[in-house]
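Notes for the one structure printed next.
We use all heavy atoms of the structure for the numbers below, so side chains are in, but hydrogens, waters and symmetry mates are not.
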Amino acid sequence: MRQAGPHAGNSSSIHVGSWPEGAAYDPTNGYLYVANSGSNNVSVINGTKLIATVGAGSSPVSVTYDGTNGFVYVSNSGSPNVTVINGTKSVGSVAVGPNPTTTAYDARNGYVYVPVNGTNRVVFLNGTSIVGNVSVGNYPNAATFDPKNGFVYVENWFSNTLSFLNGTSLIKTVYIPAGPAGSSPIASTYDPNNGWIYVVDQGGLNVTALNGTTIVGSVGVGWYPRSATFDAQNGFIYVPGNNNVSVINGTTLVKTFTGFVSPYASAYDAGNGWVYVADQSSTNVTILNGTTVEGTASVGLLPWAIVYDNFNGYLYVMNAESANVTALPTPPSAAYPLVFTQLGLPHGTPWNISVDGVTRSSTSSSIAFSLTNGAYFFSTGHVDGYTSAPSKGTAIIARAERDISITFSPVTYEVLVTETGLPTPTTWSVTLAGTSRSSMTSSLSFVEPNGTYAFVVGAVSGWRASPGSGEVIVNGLPTTITVAWSAVPVYDVSFVAAGLPDGTAWSVLLNQTLGTSSTSTVVFSVPSGSFSYTVAAVSGFSSPAGGTVTVNGAPVLVNVSFSPLLHLVPLTFRTSGLGTGSNWSVTLVGDTSGLTIELGDGLTRWSNGASTIQFQVSSGNYSYSTSLSGYRAASGAVSVAAPTPATVTIPFVPVSAGAHASVLGVSLATVLSVLGLTSLLLGASFGAVGVLSRRRRVERGRRLVAKISATEWDASEEVEPSEETTL
């Protein structure tokens with residue numbers, strides 16, 4: 001391998017404590033914090049200088065920066081606590097349990113997640129306080145935050161599982177597929193290009209990719225993989241293992257680098273897009289550019305961990321055996337825009353964004369930075385009267401422009417409305433800024449941003465509110481409106497019914513209040529004013545629909561008159577002696593004026609094949625007549641007494657064939673024989689005679705319908721003659 005030109009002779013060696021094992025940098029000040037597990041302290045480096053040493057617990061191994069409060073958290077694997085550092089000073093330690101390991105910072109809620117090997121739990125820290133904990137798998141080894149869905153992934157080494165945490169809750173546990181040597185998840189990394197998490201399975205000799213909580217595939221790699229690094233330049237995942245480094249794209253193995261002795265850790269340099277791999281059994285790091293070896297750089301003995309500092313562009317290598325840190329200046333690469341766009345602020349409102357300690361302000365809708373590939377912590381500045389979401393987070397620059405929207409929402413304050421004077425429980429209401437709320441207690445509340453708002457107190461019958469309306473000003477503090485109620489004089493409005501039988505229930509709706517009574521009176525108590533009322537219908541009676549009543553400091557009497565309605569009952573005519581489907585008719589006439597409501601002067605109905613014909617009639621006397629060709633007609637009278645229905649059975653008797661085949665007792669054959677010589681003349685006049693005969697028959701039928709008789713009609717008058725009879 002050739003020596004990389006940009007690193008030749010330019011590295012710096014910084015003496016730190018014994019056995020430097022883990023490190024992280026603070027993007028706000030550029031400081032590098034190095035956990036020295038052999039000397040139980042933390043070295044603070046600025047550029048290429050050691051500026052402070054801070055005491056820690058026993059065997060510190062992991063360092064995590066919290067972008068919410070600026071604290072640095074150090075996991076002490078030999079003591080049951082986490083050391084918290086601010087700048088160059090310790091602000092205390094938090095007892096979490098024995099053997100805490102690699103922690104993760106959740107930019108969404110600001111919590112630090114601490115896996116604790118000794119208790120198989122994850123502890124949640126907010127500042128220097130424990131906000132909760134949750135049980136996970138056996139021997140949780142590390143944690144990774146997914147900014148896409150907000151999950152924190154915890155690798156459980158001995159139980160071969162991955163736990164999914166959302167906030168302070170365990171939402172799912174997934175088994176990692178076993179490989180040739182079993183399954184022992186040890187580390188993971190997040191790919192912002194596809195939103196997947198890649199889990200390194202040391203025992204399984206593979207890397208498992210997950211999208212959210214779903215496994216999307218596994219890729220076999222070299223023996224005993226130990227860590228993973230995402231390359232924002234090309235989107236590859238680099239996995240150091242035993243004697244090799246595997247390169248993954250999606251779920252495909254695209255390259256295996258050989259020639260290593262014991263590669264352990266790697267880091268992505270956002271300044272030039274290269275990946276640096278620390279080989280523990282050598283004194284150098286290997287530089288990978290995509291699928292090509294770019295060169296090597298000399299470092300100290302047993303390079304154990306490696307970190308890139310976006311703030312100053314240095315690559316730091318922790319050399320465990322030589323107790324020093326090698327600082328490598330790296331060449332820069334192309335820069336890409338990181339653009340923040342605000343939503344929700346009034347035009348011209350100043351706002352600002354800080355990215356890795358650099359702050360920019362604007363009164364327009366956007367703020368832009370120019371950054372090389374890498375991960376950058378950002379936070380929004382304070383704007384009076386507003387909150388922002390997200391207020392902080394991590395922006396990944398990966399060979400392209402990155403756009404992030406910041407939504408500002410007005411800060412709201414409580415507007416509390418209290419009342420006095422109303423008896424409990426009484427429902428009362430207030431409308432403020434177009435929103436109405438009601439209560440049966442002595443108070444109700446609204447939430448509004450700064451501003452001036454109109455309010456109206458809803459009416460309560462019998463009571464007067466003071467104030468009944470007005471304006472309230474919200475100006476950065478909660479505010480209160482007090483409403484005092486006083487009783488309003490009321491007067492009786494009496495509705496008196498006439499025309500109903502004793503005990504009949506009836507009701508009136510007055511001013512949205514329903515009054516019901518079985519006596520002659522319904523009484524309401526209302527203040528002075530005009531009120532609409534409605535009288536409910538009573539079955540069998542007519543009544544006024546309603547009206548308006550005016551109360552002016554005195555009781556009011558309203559008379560309501562009900563009138564009985566005529567009661568209709570069914571009158572049914574049934575047949576006797578007819579075959580199915582016969583079309584017969586009934587003509588019904590009422591003989592008492594004013595009693596027949598449906599009939600009027602008379603009504604004829606046809607059966608259309610049915611066996612019954614029905615009318616709806618009131619009490620009274622009726623005459624009827626029937627008609628059906630070929631049958632003897634019937635007529636008669638019937639009395640109806642409501643509410644009892646009435647039924648009349650009509651017998652139909654067929655007319656004999658002889659009656660149809662003769663005229664005045666002389667057979668039709670004889671008539672035709674006598675008149676045979678004049679058949680031509682008879683044929684010519686046949687149509688005229690037939691028409692005249694039909695007209696006479698219709699007139700005779702009409703006279704029979706109008707006739708009121710209790711006796712049967714003569715069959716010769718009822719039966720419709722046939723064509724030969726007409727002749």
Heavy-atom side-chain contact between [X] and [Y] under 4.5 Å:
X	Y	result
V154	Y113	no
F377	K392	yes
P60	N40	yes
F236	T291	yes

Among side-chain atoms of [X] and [Y], is any donor-acceptor pair under 3.5 angstrom?
X	Y	answer
D146	Y153	yes
N352	T359	no
N156	S163	yes
T341	D403	no
N126	Y111	no
T48	S12	no
T53	N41	no

Can you check whether Y25 and Y33 have ring centres sitting under 6.0 Å from each other?
no

Could you give the distance from [atom1] ([X]) to [atom2] ([Y]), rounded to the nearest 0.5 Å?
X	Y	atom1	atom2	result
Y65	F71	OH	CZ	10.5 Å
L371	Y376	CG	OH	4.5 Å
N36	S59	CG	OG	11.0 Å
L288	Y238	CG	OH	6.0 Å

Checking side-chain hydrogen bond (donor to acceptor under 3.5 Å, both in side chains) for the pair T83/N76: CA distance, chi angles, key distance, verdict?
CA-CA 7 Å; T83 300; N76 304 303; 3.0 Å; yes

Working for side-chain hydrogen bond (donor to acceptor under 3.5 Å, both in side chains), residues Y105 and T68:
CA-CA 9 Å; Y105 164 67; T68 301; 2.7 Å; yes

F369 vs F340 aromatic rings, parallel, tilted or perpendicular, using cut-offs 30° and 60°?
perpendicular

Side chain of D279, backbone of V261: donor and acceptor closer than 3.5 Å?
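It does hold such a pair.
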
What donor-acceptor contacts under 3.5 angstrom involve side-chain atoms of residues 243-251, with partners at least two apart or in another chain?
from	atom 1	to	atom 2	distance (Å)
N244	ND2	N242	O	3.4

